[in-house]
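Report on the following structure.
Quick note on labels: first sequence line is chain A, next is B, and so on, each numbered from 1.
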Amino acid sequence: MKVVEDAKQAVQGAASAVMAKAVQMAPDSWMPGGKPDPLIRAQHGHVGRPVSRVDGPVKVRGAAPYAAEFPLDGMLYASLVFSTIAKGKISALDTTAAEAAPGVALVMSYRNAPRMKPMPLFMTSEKACGGNDLPVMQDAKVYWNGEPVALVLAETQEQADHAAALVHVAYDEEHSVTALAEAKAKGVEPGQFMGQPLKFENGSAEEALAHAAHKVDQYYTTPRHSHNAIELHAVTVAWDGDHLRVHDASQMVAHTAWSLGHVFGIDEDQVHVTSPFVGGGFGGKGLWQHQVLAAAASKLAGRPVRLMLSREGVYRIVGGRTITEQRVALGADADGRFDALIHTGTTAMSHHNVLPEPFILPARSAYATKTMKLDVEVAYLDMVANTFMRAPGEAVGTFALESAIDELALDMGLDPIELRLRNEPDKDPTTGAPFSSREVEKAFRDGAERFGWSKRQAPGTRREGEWLIGTGVATATYPYYRMPGGAARITLRADGATIDIAAHDMGMGTATAQTQVAADRLGLTMEQVAFNYGDSTLPGTVMAGGSQQTAAIGASVMAAHRTLVTELLKLAGNDSPLAGLDADAVTGVNGGLAKIDDSSAHESYASILSRAQRDELMVEAEPPSPLETMHWSMHSHGAMFCEVRVNAVTGELRVSRFLGSFDCGRILNPKTAASQFRGGIIMGLGLALMEETQYDERKGRIMNPSLAEYHVPVHMDVPEIEVMWTDVPDPHAPMGARGVGEIGITGVAAAVANAVFNATGKRVRDLPITLDKLL
Amino acid sequence: MTPFSFNRATDQSEALQLAERGGRYLGGGTNLVDLMRETVEHPAALVDVTGLSRDIAETPDGGVMIGAGVTNSALAAHPTIRARYPVLARAILAGASAQIRNMATVGGNLLQRTRCTYFYDVEGSRCNKRRPGEGCDARGGFNRIHAILGASDACVATHPSDMCVALAALDAVVHLSSASGTRTLPLTELHRLPGDQPQIDTVLHPGELITAVELPAASIAAHSTYRKVRDRASYAFALVSVAAAIAVEDGRVSDVRLALGGVAHKPWRASRAEEMLRGKAASLDAFRAAAEAELADAVPLNDNGFKIELAKRTMTAVLAELAGVDA
């Protein structure tokens with residue numbers, strides 16, 4: 001089995017390598033984005049304006065319904081019982097007391113759960129999105145500490161929770177691998193990310209390192225992190241015959257509908273998933289066992305079910321970011337130009353998921369180097385399947401890489417910004433592809449001026465009372481992605497238009513920014529445009545992940561818009577001022593279409609539709625495959641500046657200033673984008689200073705499944721955060737924009753660690769930077 | 001949460017009667033209700049005593065009597081407390097959040113239970129405090145927030161209160177009431193070290209009610225402060241905290257009060273350090289020597305060895321600041 005899989009992957013790998021080369025060599029004009037999106041030229045519309053959220057008013061009124069706020073007739077409430085061993089079998093399960101408890105409708109366990117297929121594992125097919133591929137309550141086996149082993153349904157949440165505590169489970173425990181050292185001793189395997197090996201070699205990097213004039217060679221470690229979106233994972237489900245209705249908190253409604261269909265042996269059209277409002281996703285709001293269990297229990301009980309995970313429940317069954325051990329070695333010549341860049345290491349994963357933390361991603365495209373070696377190895381643990389968490393790879397990979405660069409700059413007596421700029425590549429260092437747009441130097445220069453970087457002092461020389469003060473800098477980086485599967489529908493009426501796409505808004509402002517974009521594209525006001533999303537019955541399979549939604553929606557709406565314009569011109573016919581023009585020659589202006597550069601040739605949508613005796617015109621289209629991501633090297637960057645104060649007595653660390661200077665293409669909405677940048681930076685401060693899932697290696701159990709003991713930054717930990725951007729449009733991205741959802745967390749931990757060194761002369765290579773490391 | 005009955009006591013005798021029938025006293029509920037949700041605690045009956053004794057009154061001999069039902073917020077904001085016992089106001093404000101302090105009562109604060117994560121993990125971990133005799137998973141586990149002083153083989157938990165650390169330094173006296181009468185206890189004798197009975201946090205008798213906390217008159221307390229060191233800027237329990245008051249005359253320590261939080265199963269009155277300092281020259285060396293002496297018996301666990309040095313440094317810095325000695 002393993003051999004067959006390996007062979008298949010090798011063939012796919014070879015085929016995709018050939019394909020990649022062909023795409024790279026093809027002319028620009030064949031590529032999506034080869035001809036810049038006309039919206040990039042439009043500078044006086046809604047795009048670029050700091051528009052407030054379109055969903056703001058309903059949210060502040062409490063009128064926006066979240067997944068656990070759909071009351072259905074006859075609904076039961078669910079509560080879960082979690083395993084307390086990492087591996088073994090349930091030897092005894094006593095549900096008598098729970099079943100007899102007040103209000104209890106049923107207790108579900110492997111004994112009575114409906115037969116279901118495992119969730120189709122994320123990325124194993126186009127719409128597969130299961131967080132793991134384990135049997136869901138199908139037998140007595142236990143695969144991780146915290147796995148759901150029973151579910152109670154009751155008339156109220158309190159009754160369900162009480163009864164869950166009355167379920168008694170005994171286990172036959174088997175030997176489990178829960179300590180990283182043991183897992184590594186058992187052997188590691190090469191890591192893969194999105195079907196590609198996490199391995200790259202160019203030249204003899206170790207040899208080049210050995211002979212380099214200047215070098216650093218260090219190990220960096222990062223702990224596990226758990227997802228802590230403010231909205232707990234929740235789902236409300238109901239069956240109508242063999243049709244399943246799901247109110248979910250989701251970043252992937254269409255994927256979830258398909259995957260749940262697969263689990264229950266029904267067609268994806270029989271599963272209707274909606275998710276109009278989501279209280280934060282960050283990669284964690286996918287398909288986990290709770291949705292499957294809720295649907296199974298609902299089927300068993302014949303009644304609708306609401307299952308909202310407790311905070312503990314989120315820690316136990318929703319994966320987070322996994323642990324990493326990273327080596328970064330840099331060799332440079334006398335001028336600081338890299339002869340060798342080595343970034344290798346180990347990450348832990350379960351046997352039942354597919355995401356090794358890909359911490360080498362930043363190194364693939366960040367710096368020019370004569371030789372390079374990148375490698376991620378995977379050690380296997382019996383633990384909850386880890387998953388995507390804001391900038392998987394980049395968030396922790398930049399900590400190691402950007403710390404090492406700071407160490408090298410110090411060793412050479414060079415300004416760390418200067419060292420970075422000396423190693424700016426002129427083409428992608430691993431693929432050789434040209435950059436679509438790369439304004440790293442501008443981001444650094446502008447940021448440095450605003451931050452006052454030139455006032456920086458030598459390490460350990462600034463002090464106010466007990467407080468040592470220092471500044472640090474690091475590069476932020478995140479790729480432009482656009483995943484296949486996009487599609488959008490536009491319905492045009494005389495008085496406006498509706499855009500339909502199965503995309504998502506987890507609070508970041510998708511609906512707002514996309515309404516701005518659609519209004520500009522159609523030549524309408526924002527009030528005339530309705531943007532519908534978060535519904536699996538809408539066109540497209542668009543995941544809100546990889547910061548790719550802006551591009552995926554943008555390209556889908558562009559495609560639909562072009563179809564719309566073509567259809568409108570046909571309807572307009574020869575009696576229109578637009579007669580004889582093709583889709584390339586017109587643009588949406590002032591409630592209709594006009595000839596580009598000659599707005600006197602204009603006809604309103606109302607006029608065209610009325611003459612054609614149509615109330616509306618509905619079109620749907622798919623964008624071309626995202627080949628632009630192979631033809632060009634497309635990446636966003638940022639320069640992260642940080643000032644810290646470290647208490648010389650206690651080691652307490654406070655970040656007193658932060659500035660992020662970003663290059664993410666065109667910013668569609670400065671208000672919502674600034675919030676995303678700031679939010680990312682705050683999450684980065686948590687990563688730097690305090691976040692750590694306490695995974696007890698003796699039993700594989702998470703010991704701090706609570707916001708009291710798992711620390712995220714509180715207001716007092718967060719200083720004023722300034723953000724700025726180059727606003728240089730990427731000519732090859734829809735609207736000229738690259739996504740801004742994840743880049744904010746990248747580079748932050750290194751900027752903090754570098755500032756800590758500047759303040760104290762102490763280098764911390766192990767996150768989080770807690771005070772004991774600075775005593 | 002296990003179902004329970006709920007009664008609000010309108011006066012002290014009613015509270016005592018309800019407790020005699022098995023009721024557990026409920027203050028603001030900011031800790032007990034959490035523990036009930038986590039099924040660490042499952043009282044069959046709760047007796048809400050927040051309606052009793054919400055007064056803060058000066059006593060004839062110049063002290064202050066604080067009703068057990070006074071909220072943490074009200075106490076911290078009280079002008080007399082702020083002026084004459086600043087260490088207490090600061091300790092309270094260093095704890096929890098404004099919302100929790102608005103609910104939490106003085107009596108309830110005294111009876112907070114440990115934040116040891118193994119104590120909270122009812123289903124998944126062993127804990128002698130929860131189930132006596134089954135073992136302690138905190139030893140050898142995550143014990144960053146655990147004890148360095150006064151721990152036992154059975155238990156390494158710490159008491160989480162900030163307020164109690166200040167009260168320990170201030171020689172506060174706890175007023176108690178029960179069916180058999182009333183009594184008083186120095187706060188420093190209210191909480192126990194774990195020994196081989198870690199399931200018992202305090203020396204209270206079953207059904208005994210805390211009615212008030214009395215602060216004796218002490219001019220030294222006006223020159224006092226509280227410093228809390230923790231893993232984030234707010235809303236975290238102390239790794240180490242120091243409550244201190246000092247009087248210096250002619251360069252010599254004429255009197256001193258010192259207590260530590262986050263280091264033991266109870267608020268830790270640093271008597272040994274106090275004794276060493278009385279009459280000594282107020283100097284950085286003397287403060288450091290006293291801190292060394294206080295921590296001489298400290299025993300580190302795998303994660304918390306840093307707390308020994310941290311406690312010494314924080315004690316030294318706090319005393320230096322209060323005494324006006326340059327660090």
### Query
Take atom CE in A/Met308; do more than 12 heavy atoms of anything else shown fall under 6.0 Å from it?
no

### Task
List the steps, then state whether side-chain contact (heavy atoms from CB on, under 4.5 Å) holds for B/Arg144 with A/Thr770.
CA-CA 11 Å; B/Arg144 180 178 178 79; A/Thr770 46; 3.4 Å; yes

### Query
A/Ala708 and B/Arg115: which non-hydrogen atoms are nearest, and at how many Å?
CB-NH2, 3.8 Å

### Task
Looking only at non-hydrogen atoms, find the nearest pair between B/Asp121 and A/Arg316 and report the distance.
OD1-NH2, 4.1 Å

### Query
Taking non-hydrogen atoms and a cut-off under 4.5 angstrom, which of residues 82-100 of chain A neighbour chain B?
A/Thr84

### Task
Please flag which part of A/Tyr171 lies under 4.5 Å from any non-hydrogen atom of chain B: side chain, backbone, both or neither.
neither

### Query
What part of B/Tyr120 is in contact with chain A, defined as an atom under 4.5 angstrom from a non-hydrogen atom: side chain, backbone, both or neither?
neither

### Task
Specify the closest pair of heavy atoms between B/Arg230 and A/Leu771, including all atoms of both residues, with the distance to one decimal.
O-CD2, 3.5 Å

### Query
Which bit of A/Gln694 is near chain B, if near means a heavy-atom gap under 4.5 Å: side chain, backbone, both or neither?
both

### Task
Test A/Asp161 against B/Arg37 for side-chain contact (heavy atoms from CB on, under 4.5 Å), laying out the working first.
CA-CA 9 Å; A/Asp161 290 345; B/Arg37 284 184 199 283; over 6 Å; no

### Query
Is any side-chain heavy atom of B/Lys307 closer than 4.5 Å to a side-chain heavy atom of A/Asp772?
no

### Summary
Minimal heavy-atom distance between B/Thr314 and A/Val649, with the atoms involved, is N-CG1, 4.4 Å

#### Entry: B/Pro3 vs A/His162 side-chain heavy atoms within contact, under 4.5 Å
yes

### Max heavy-atom pair count under 4.5 Å with chain A, selected residue of B/Ala236, B/Ala317, B/Gly140, B/Gly305
B/Gly140

### Message
Could you tell me if the side chain of A/Met703 sits less than 4.5 Å from the side chain of B/Ser125, heavy atoms only?
### Response
yes

### Check: A/Glu158 and B/Met1 side chains under 4.5 Å, non-hydrogen atoms
no

### Task
Check the pair B/Arg232, A/Asp717 against side-chain contact (heavy atoms from CB on, under 4.5 Å), reporting the backbone distance first and the verdict last.
CA-CA 7 Å; B/Arg232 61 182 164 187; A/Asp717 293 301; 3.3 Å; yes

### Query
Any side-chain heavy-atom pair from A/Glu652 and B/Val229 closer than 4.5 angstrom?
yes

### Query
So, A/Glu466 and B/Arg227, do they make that salt bridge, N to O below 4.0 Å?
yes

### Message
Counting only non-hydrogen atoms closer than 4.5 Å, does A/Leu707 touch chain B with its backbone (N, CA, C, O), its side chain (CB onward), both, or neither?
### Response
backbone

#### Entry: From A/Met690 atom CE to B/Asp231 atom CG, the distance as rounded to the nearest 0.5 Å
8.0 Å

#### Entry: Atom group of B/Asp34 that falls short of 4.5 Å from chain A, counting heavy atoms
neither

### Task
With a 4.5 angstrom heavy-atom cut-off, could you sort out which part of A/Val81 is near chain B: side chain, backbone, both or neither?
neither

### Query
Tell me, side chain or backbone of A/Asn647 under 4.5 Å from chain B's heavy atoms, or both, or neither?
side chain

### Message
Do A/Met716 and B/Tyr235 make a side-chain contact, defined as non-hydrogen atoms from C-beta onward lying under 4.5 Å apart?
### Response
no

### Task
Taking all heavy atoms of A/Lys699 and all of B/Gly124, pick out the closest pair and write down the distance.
NZ-O, 3.1 Å

## Note on the structure
Of all heavy-atom pairs linking A/Arg698 and B/Gly141, the shortest is NH2-CA, 3.2 Å

### Query
Does any non-hydrogen side-chain atom of B/Phe142 lie less than 4.5 Å from one of A/Asn704?
no

### Query
Checking B/Thr39 against chain A: side chain, backbone, both or neither under 4.5 Å from a heavy atom?
side chain

